[in-house]
Amino acid sequence: MQRCLARFACYGVHTHIFPGQSSMTVISLENYTQTFGARTLFRNVSARFEWPSNRSPGIIGLMGLSGSGKTSLLREIVNSRYGVATPALTVSPGDAVIGIVPQSPILFHNMDIISNSRMFGIMGRYRSRFDEHLFEQLKKVLRLNTLLSEKRTASKLSGGEMQRIMLLRTLSIRPDILLLDEPASGLDASVRDAFLIDLHEIVERLGVATLYVGHHWDEISFVSSKIAYLMAHVADGFGLTVSSISLLPRNQFENEPPTIDAFHAVYGPGCSIWPATQAGSEYQLVTSKEFSKPDLVACFPGSRIGPLRFLRRDAYRLALPEVTNSQLDSDRQNAWIYRHGSFVVRTHIDLTPIAEAVARGSTEAQYEQDKGYAQWN
């Protein structure tokens with residue numbers, strides 16, 4: 001995906017359409033707890049999202065397992081500003097205007113397209129914030145001039161067109177904070193790429209502090225400078241509970257995923273996982289079948305080395321070539337080591353003992369043809 005950073009210049013839009021905030025924009029959680037019925041979504045979570053005012057604030061990507069509370073967090077941020085305030089979740093400046101683009105576009109199907117896009121210009125709360133000049137410039141940047149000239153209702157729009165209308169409407173009031181909840185989830189790949197390019201440029205040029213929820217690493221890594229990851233676990237039998245939030249620069253998150261789930265988010269579900277032990281400064285894989293849940297786990301990226309056979313025990317999985325005495329490629333021998341789900345180090349691990357153990361049959365694995373992997377007894 002290529003960024004067209006000159007798009008604003010191409011359309012004659014100034015690099016600073018409106019002044020940035022006079023102070024740093026901050027969303028702060030201090031021992032934040034949120035419950036929904038019998039389920040605790042967040043338990044004593046502390047985190048601080050910061051966007052500096054002295055330069056383009058940038059986009060913070062928000063990731064986590066499905067059901068971990070990403071959308072709920074966005075809603076609570078809005079609620080803390082416009083609804084019931086809580087000292088555990090604060091927004092600064094206190095009078096910050098928050099714009100949100102939800103997963104499902106909110107458009108009024110009894111109104112035509114232009115009326116939907118200009119709706120904030122007639123609403124009492126936002127009428128004074130509506131910027132006619134900015135609206136006209138955003139129409140060009142988002143390539144909406146032709147669409148907005150048509151006499152169609154919102155029900156006739158495609159998913160990509162709806163998302164662009166939502167973004168235009170939200171940005172037309174010059175929000176201080178922009179919350180985006182998987183805005184590209186329903187878009188085809190070609191439409192999504194163009195949408196993300198436009199979004200990235202607009203946010204950078206306008207200086208809007210943005211929190212972007214997404215599931216796909218290629219999407220999140222393209223638009224975000226930092227990654228916030230919800231560290232969740234199953235608690236009390238009522239689904240996932242977030243106990244902390246990891247916030248890392250994009251490159252560090254990619255090189256040192258904070259959890260195994262985050263590792264999967266970046267490198268895909270095809271990675272191999274295997275129990276490991278540590279002797280001094282050396283890490284080794286466990287070759288015996290006689291182990292309980294280990295203290296350390298090694299994660300290896302997926303490999304394109306041809307047909308594989310798989311060993312598996314509980315949640316641990318290792319992919320080996322069908323010819324068991326051959327070496328795996330060098331990339332696969334560089335493992336991420338985790339302790340209790342948290343990243344410890346990335347290091348080289350010799351996989352020869354595992355391959356030899358499989359060749360000798362000492363792992364006592366039985367290959368199950370119908371499942372396509374070997375299941376340990």
Going from [atom1] on [X] to [atom2] on [Y], what distance comes out if it is rounded to the nearest 0.5 angstrom?
X    : Y    : atom1 : atom2 : answer
I27  : I60  : CD1   : CD1   : 8.0 Å
Q163 : S104 : CD    : OG    : 8.5 Å
L157 : E150 : CG    : CD    : 9.0 Å
E132 : Q137 : CD    : CD    : 11.0 Å
S243 : N44  : OG    : CG    : 9.5 Å
I59  : S225 : CD1   : OG    : 7.5 Å

Which pair of non-hydrogen atoms, one from [X] and one from [Y], has the smallest distance, and what is that distance?
X    : Y    : value
T90  : T86  : CG2-O, 3.9 Å
P257 : F343 : O-CB, 3.1 Å
N31  : S46  : N-OG, 2.9 Å
H109 : A154 : CD2-CB, 3.8 Å
W217 : E254 : CZ2-CB, 3.7 Å
R164 : L142 : NH1-O, 3.3 Å

Cationic tip of R118 above F130 ring, under 6.0 Å, 45° of axis: no
Geometric cation-pi criterion, R169 with F120: 6.0 Å, 45°: yes
Okay, side chain of [X], backbone of [Y]: is any donor-acceptor separation there less than 3.5 Å?
X    : Y    : value
R127 : I122 : yes
Y126 : V97  : no
R192 : A184 : no
E282 : A279 : no
R129 : S172 : no
T210 : V208 : yes
R81  : A96  : yes
K70  : Y229 : no
N79  : R75  : no
T170 : G99  : no

Should [X] and [Y] count as side-chain neighbours, where that means a heavy-atom distance under 4.5 Å?
X    : Y    : value
L230 : L240 : no
S224 : R250 : no
L206 : L134 : yes
Y32  : E76  : yes
L147 : R152 : yes
N251 : P249 : no

Pair W336-I260, side chain to side chain contact (heavy atoms under 4.5 Å, CB included): steps then yes or no: CA-CA 9 Å; W336 282 262; I260 292 175; over 6 Å; no
Over 12 foreign heavy atoms within 6.0 Å of NE2, H215: yes
Heavy atoms of other groups near F108 CZ, more than 12 under 6.0 Å: no
Residue pair I77, I100: steps toward the side chain to side chain contact (heavy atoms under 4.5 Å, CB included) verdict: CA-CA 10 Å; I77 291 172; I100 183 168; over 6 Å; no
Member of D181, V213, L62 meeting the side chain to side chain contact (heavy atoms under 4.5 Å, CB included) criterion with L73: L62
Q34/S72 under side chain to side chain donor-acceptor pair (under 3.5 Å): CA gap, chis, key distance, verdict: CA-CA 9 Å; Q34 179 194 0; S72 295; 4.7 Å; no
Parallel, tilted or perpendicular, as decided by the 30° and 60° cut-offs, for the rings of F263 and Y338: perpendicular
Side chain to side chain contact (heavy atoms under 4.5 Å, CB included) assessment of L144 paired with I165: CA-CA 8 Å; L144 287 171; I165 293 295; 4.2 Å; yes
Derivation of the side chain to side chain contact (heavy atoms under 4.5 Å, CB included) call for V345 and Y283: CA-CA 10 Å; V345 69; Y283 294 88; 3.7 Å; yes
E136 bridged to K139 by N-O distance under 4.0 Å: yes
